Chemist: 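Structure provided below as structure tokens; questions to follow.
Order of listing sets the numbers, starting from 1, for every ligand and every atom in it. Nothing here was measured: the structure is a model prediction, and the numbers come from that model.
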Amino acid sequence: MNLYDLLSSRFPADRSKPAFLLSDGSAVSYGELEDDVARTASLLVEYEVEPGDRVALQSEKSVAAVAVYLATLKVGAVFLPLNTAYTEAEVDYFLEDAEPVLFVEDAQALVADARTRPPLVETLAMDDDDLASIIYTSGTTGRSKGAMLSHGNLAANAQALHQIWGFTSDDVLLHALPIFHVHGLFVGLHCAFLSGAPMVWLPKFDDAQVLDGLSKATVMMGVPTFYTRLLANPGFTQERASHMRLFISGSAPLLESTFAEFEARTGKRILERYGMSEAVIITSNPLDGERIAGSVGYPLPGVDLRVAGGETGTIEIKGPSVFAAYWRMPEKTTEEFTADGYFITGDVGRQDPDGRVWISGRAKDLIISGGFNVYPKEIELIFDELPGVSESAVIGVPHPDFGEAVVAVVIGQGDEAAMIAQARTQLAAFKAPKRVFFVDELPRNAMGKVQKNLLRERYAETFA
Ligand code: AMP
């Protein structure tokens with residue numbers, strides 16, 4: 001089945017119902033969206049976009065950009081979203097690698113043009129394995145890889161999330177995420193579409209607009225920085241949040257302090273889930289049942305998750321939403337799957353006997369100091385608790401004696417020697433940082449992930 005058939009089969013019977021509630025007070029109905037999709041699909045056919053061809057899009061977040069995405073699915077082509085922050089040189093790499101037949105830089109203009117075309121009625125039937133989208137990983141080391149997601153991958157994940165998070169047509173989703181990443185593009189849009197529910201549609205996270213939007217919403221999806229920004233705003237009160245059914249967080253680790261502060265402020269517990277470009281969502285805390293700070297919850301229905309190499313080790317997964325291969329990188333694909341078909345996520349974590357998963361970081365962020373393994377999270381958890389510290393990032397940098405030395409970069413203020421001494425009272429001496437640096441901000445990507453590769457570069461000469 002074509003993913004677009006699945007999504008549109010759940011659009012409300014009354015197509016005059018809103019799909020997008022815009023910040024200027026206007027709305028775009030499901031009927032208008034469907035019509036834009038059908039006419040844009042006509043235009044794609046006119047541009048000779050064939051099934052399997054790639055359609056790249058680097059355009060501001062808009063309803064038109066969503067219509068281009070859905071039209072691409074409808075004609076059986078492959079959607080390739082590109083981060084709006086990418087430079088021309090970066091975009092060149094993606095265009096050369098993916099060879100799209102069409103590169104859309106202005107979705108509004110394309111859809112405006114399409115409105116003069118007749119609607120394309122037919123949606124191309126697809127097999128589950130047929131490619132729907134290529135999502136390039138953020139690629140902090142080496143070349144960015146294109147994760148190939150099929151119609152079956154995306155449909156399976158969308159249906160699982162819609163069910164476990166209890167979405168209904170009474171929901172209103174606050175959507176302030178970018179749509180060039182799986183979180184805003186697949187997780188957000190698909191949950192809303194499968195419910196035939198409206199979205200409060202915000203171009204980006206803007207404090208005032210989000211506070212206002214919350215009054216109309218029932219569910220919010222965000223990255224952890226959305227929640228820290230909300231909490232930093234005195235206008236975000238228990239009353240503001242009182243009618244909200246669900247706050248979901250993912251794409252980067254949610255600090256335990258954020259979870260606790262959020263609960264203290266609103267009386268509600270953020271539901272944290274874990275996912276990645278190669279598999280969309282993998283685990284989630286329960287809707288009914290305990291949501292625990294620092295844990296990403298349980299594998300989704302149908303997801304087979306295991307921890308390789310000891311109690312804490314690399315997380316490997318198999319399941320209906322796990323991608324089949326990286327675009328034109330057969331060797332990378334082989335390297336990142338086990339012989340028995342599990343994808344090696346690159347995340348390190350552990351699993352309780354009842355299945356609950358805890359992530360301790362990326363395998364490539366593991367520090368090996370004097371031959372001992374140091375998991376940055378162990379130290380981060382201690383520092384994050386200290387007064388004056390709002391967040392910490394622990395990295396390994398080259399050291400002449402130890403190979404790597406542990407270094408902490410901390411947002412806030414404190415006494416370096418006292419912090420190192422504190423770590424030594426709670427952890428084995430080899431895990432205690434050799435240096436602590438204080439900063440105002442940590443480098444982050446668009447999804448709020450701390451870019452440890454940049455920190456490693458910045459502090460590379462510390463012990464030189
Ligand atoms: P991306 O493919 O850009 O979405 O990045 C996926 C990576 O983000 C995962 O492999 C994890 O390292 C990280 N990630 C996503 N969600 C979480 C979470 N809830 N807690 C910790 N790390 C997360």
Chemist: Relative to ligand 1, is M447 under 4.0 angstrom through side chain, backbone, both or neither, heavy atoms considered?
Modeler: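 The answer is neither.
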
Chemist: Among protein heavy atoms, which lies nearest atom 10 (O) of ligand 1, and at what distance?
Modeler: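 Among all protein heavy atoms, the one nearest atom 10 (O) of ligand 1 is D347 OD2, 2.6 Å.
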
Chemist: When you measure from atom 8 (O) of ligand 1 to every protein heavy atom, which one gives the shortest distance, and what is it?
Modeler: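 Going atom by atom, the protein heavy atom closest to atom 8 (O) of ligand 1 ends up being K449 NZ, 3.0 Å.
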
Chemist: Looking only at protein heavy atoms, identify the closest one to atom 15 (C) of ligand 1 and say how far it is in Å.
Modeler: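 That would be G275 O, 3.3 Å.
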
Chemist: Could you check atom 19 (N) of ligand 1 against the protein and tell me its nearest heavy-atom contact, residue, atom and distance included?
Modeler: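 Of every protein heavy atom, R273 O, 2.7 Å lies nearest to atom 19 (N) of ligand 1.
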
Chemist: Report yes or no: does V296 have a heavy atom closer than 4.0 Å to ligand 1?
Modeler: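 Per 4.0 Å heavy-atom rule, V296 contacts ligand 1.
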
Chemist: For R356 and E290, what are the C-alpha separation, side-chain angles and deciding distance, and is it a salt bridge (Lys or Arg N to Asp or Glu O under 4.0 Å)?
Modeler: CA-CA 11 Å; R356 181 179 277 284; E290 224 192 333; 5.8 Å; no

Chemist: Which of the atoms in ligand 1, numbered in the order shown and given with their element, are less than 4.0 Å from a heavy-atom of E272?
Modeler: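 Those atoms are 18 (C), 19 (N), 20 (N).
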
Chemist: Without hydrogens or angle criteria, can the side chains of D304 and Y342 be said to hold a donor-acceptor pair below 3.5 Å?
Modeler: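 A pair is found: one side chain offers a donor N or O, the other an acceptor, under 3.5 Å apart.
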
Chemist: Quick check on the 6.0 Å ring-centre criterion: do Y4 and F193 meet it?
Modeler: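 Judged by ring-centre distance (under 6.0 Å), Y4 and F193 do not meet the cut-off.
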
Chemist: With side chains defined as the heavy atoms from C-beta onward, is the minimum distance between V187 and W165 less than 4.5 Å?
Modeler: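 A side-chain contact under 4.5 Å exists here.
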
Chemist: Should K377 and E380 count as an ion pair when the cut-off is N to O under 4.0 Å?
Modeler: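 Answer for the salt bridge query: no.
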
Chemist: Answer yes if the ring centres of F259 and F247 are under 6.0 angstrom apart, and no otherwise.
Modeler: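 No: the rings miss the under 6.0 Å criterion.
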
Chemist: Working to the nearest 0.5 Å, report the span between CG of L255 and OG of S390.
Modeler: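 It comes to 8.5 Å.
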
Chemist: So if I count the atoms of ligand 1 from 1 in the order they appear, which ones are less than 4.0 Å from some heavy atom of S277?
Modeler: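 Numbered from 1, ligand 1 contributes 1 (P), 2 (O), 3 (O), 4 (O).
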
Chemist: Between A252 and ligand 1, which residue portion shows a heavy-atom distance shorter than 4.0 Å: side chain, backbone, both, or neither?
Modeler: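 Answer for A252: backbone.
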
Chemist: Under the side chain to side chain contact (heavy atoms under 4.5 Å, CB included) rule, collect the residues that match up with A325, sequence neighbours excluded.
Modeler: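 For A325, the residues satisfying side chain to side chain contact (heavy atoms under 4.5 Å, CB included) (neighbours in sequence not counted) are M148, T333.
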
Chemist: Out of all atoms in ligand 1, which are within 4.0 Å of some heavy atom of R362? Include the element for each.
Modeler: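 Counting from 1, the qualifying ligand atoms are 9 (C), 10 (O), 12 (O).
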
Chemist: Does the Lys NZ or Arg CZ of K145 fall within the cation-pi geometry relative to Y326 - under 6.0 Å from the ring centre and within 45° of the axis?
Modeler: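 Relative to the ring axis of Y326, which defines the angle, K145 lies inside both limits.
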
Chemist: Report the part of H183 in contact with ligand 1, treating N, CA, C, O as backbone and CB onward as side chain, heavy atoms under 4.0 Å; options are side chain, backbone, both, neither.
Modeler: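 Neither part.
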
Chemist: Mark up the atoms of ligand 1 that fall under 4.0 Å of a heavy atom belonging to H181, in ascending order.
Modeler: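 Those of ligand 1 that fall under 4.0 Å from H181 are 1 (P), 3 (O), 4 (O).
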
Chemist: Could you see which bit of S251 sits under 4.0 Å from ligand 1, with heavy atoms only: side chain, backbone, both or neither?
Modeler: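 Backbone only.
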
